[in-house]
Amino acid sequence: MDRRIVQWIDRRFPLTAFIKKELTGYPTPRNLTSWWNFGFLAGFMLVLQIVSGIFLAMHYKADAGLAFDSVEHIMREVNYGWLIRYLHSTGASAFFAIVYIHMARSLYYASYHEPRELMWWSGQLLLLLLMATAFMGYLLPWGQMSYWGAQVITNLFRATPFIGDEVVLWLRGDFAIGDATLTRFFVFHFLFPFLIFGVVFLHLVALHYVKSSNPTGLELSPKDQIPFHPYYTIKDLYGLGWFLIVFCYFVFFQPELFIEPENNVPANPLQTPPHIVPEWYFLPFTPSCALFPTCWAEWRP
Ligand code: HEM
């Protein structure tokens, strides 16, 4: 019965041929190390963030008067709401850690060299989209750090030549950060992961065209390549197992490690917190942090 269904599809759509060419039989260098596991892990995190985000959105209220309480409601009253939220908040940190390792691998092994330039550029676009998504998501709990972080970052755009004030107004949707800002950030925070999905697809189309590099940096002959399945499906799943052990430790035993304590206080536009600090994954982009390492000390996990 199954075979007949597959044959029926194959006569109309190249399903089996596609799976064989691009998945199971896809030729892969036989000498890839565990550093090549991180692209798969990044894809896994993207799916986890989308799924947990959809469940959070079922209970979250994108309204400045309700947002903070709706997150408390998720944490205390929704069945396993705490788990969904901690998967999502810890997941954001894990996603960045994985992408930074993935980029470090690309730099170390010069994976950005010809003919993989488009892999690197599409990757840079992915990083930008990921940063925008994380930044907008951080406003949603409407805590003190959410509010003041958004205040600082949206203000940076005032430095845009000639149209700085208009750009800031356009980003915030109002003269100050408020309900309009929260609603648009929620809409884009929901939309962007699907854009990222599309760019990841292009990233993989480019990869399958030029094929993976390998630790030697040499282009390999066909005899040095093996089919992706079962060798790398097993290797990716093995890496996923190790990753999940570390990830679950943080989700279940240290879930607040990456959440700024100040963010458990509702946003108050009349009270600036003593320290406005970005999430750890934005620290390298904070000019004052790069220039004055003492400011790293302000980052309290
Ligand atoms: C959503 C984020 C991302 C996902 C899901 C993703 C996914 C993948 C996957 C599955 C691979 C093949 C397996 C591997 O080589 O690890 C790959 C390869 C690659 N990625 Fe990414 N990637 C992401 C972000 C990035 C970023 C930010 C960069 C760099 C700016 C980048 C640069 C590359 C390069 C150069 C390769 C080719 C590696 C090689 O063949 O040696 N990727 N990516």
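Each residue takes its place number in the sequence, starting with 1. In listed order, ligands and their atoms are each counted from 1.
Of all atoms in ligand 1, numbered sequentially from 1 with element shown, those under 4.0 Å from a heavy atom of Phe95 are 1 (C). Close contacts between ligand 1 and Ser212 involve ligand atoms 40 (O) [criterion: under 4.0 Å to a heavy atom]. Close contacts between ligand 1 and Gln124 involve ligand atoms 30 (C) [criterion: under 4.0 Å to a heavy atom]. Which parts of ligand 1 touch Leu204 is read off a 4.0 Å heavy-atom cut-off, strictly below it: atoms 9 (C), 10 (C). Applying the 4.0 Å criterion to heavy atoms of Phe40 picks out, from ligand 1, the atoms 10 (C). The Gly43 neighbourhood of ligand 1 comprises atoms 5 (C), with distances under 4.0 Å to a heavy atom of that residue.
Under the ring pair (Phe, Tyr, Trp, His ring centres under 6.0 Å) criterion, Phe247 pairs with Phe243, sequence neighbours left out.
Figure legend: cation-pi geometry between Arg76 and Trp82 absent, as NZ or CZ is not positioned both under 6.0 Å from the six-membered ring centre and within 45° of its axis. A cation-pi arrangement is present between Arg12 and Trp8, with the terminal nitrogen or guanidinium carbon under 6.0 Å from the aromatic centre and inside a 45° cone about the axis.
The distance criterion of under 3.5 Å between nitrogen or oxygen atoms is met by Ser213 with respect to ligand 1. An N or O contact shorter than 3.5 Å links Ser111 to ligand 1 by distance.
Using a 30° and 60° split on the angle between ring planes, Phe282 and Phe96 fall in the perpendicular class, above 60°. Ring geometry, Phe258 versus Trp280: the interplanar angle falls from 30° to 60°, so the pair is classed tilted. Between His88 and His189, the two ring planes are perpendicular [angle over 60°; tilted spans 30° to 60°].
For the residue pair Thr181 / Arg172, no side-chain donor-acceptor distance below 3.5 Å is found, with atom types taken as modelled.
Among protein heavy atoms, the minimum distance from atom 15 (O) of ligand 1 is reached at Arg105 NH1, 3.1 Å.
Applying the under-4.5 Å side-chain rule to Ile, Leu, Val, Met, Phe, Trp and Tyr, the cluster around Trp242 extends to Tyr238, Ile245. Taking Ile, Leu, Val, Met, Phe, Trp and Tyr as members and joining any whose side-chain heavy atoms lie under 4.5 Å apart, directly or through other members, the hydrophobic cluster of Leu169 also contains Phe175.
Residue contacts with ligand 1 for Leu130 are absent, since no atom lies close enough (heavy atoms, distance under 4.0 Å).
For the pair Lys211 and Glu22, the salt-bridge criterion is not met [side-chain N within less than 4.0 Å of a carboxylate O].
Taking the six-membered ring for Trp, Tyr86 and Phe252 have ring centres at least 6.0 Å apart.
Excluding waters, the count of protein N/O/S atoms less than 2.8 Å from atom 21 (Fe) of ligand 1 comes to 2.
Evaluated by nearest non-hydrogen atom to atom 16 (O) of ligand 1, the leading choice among Trp36, Tyr232, Trp120 is Trp36.
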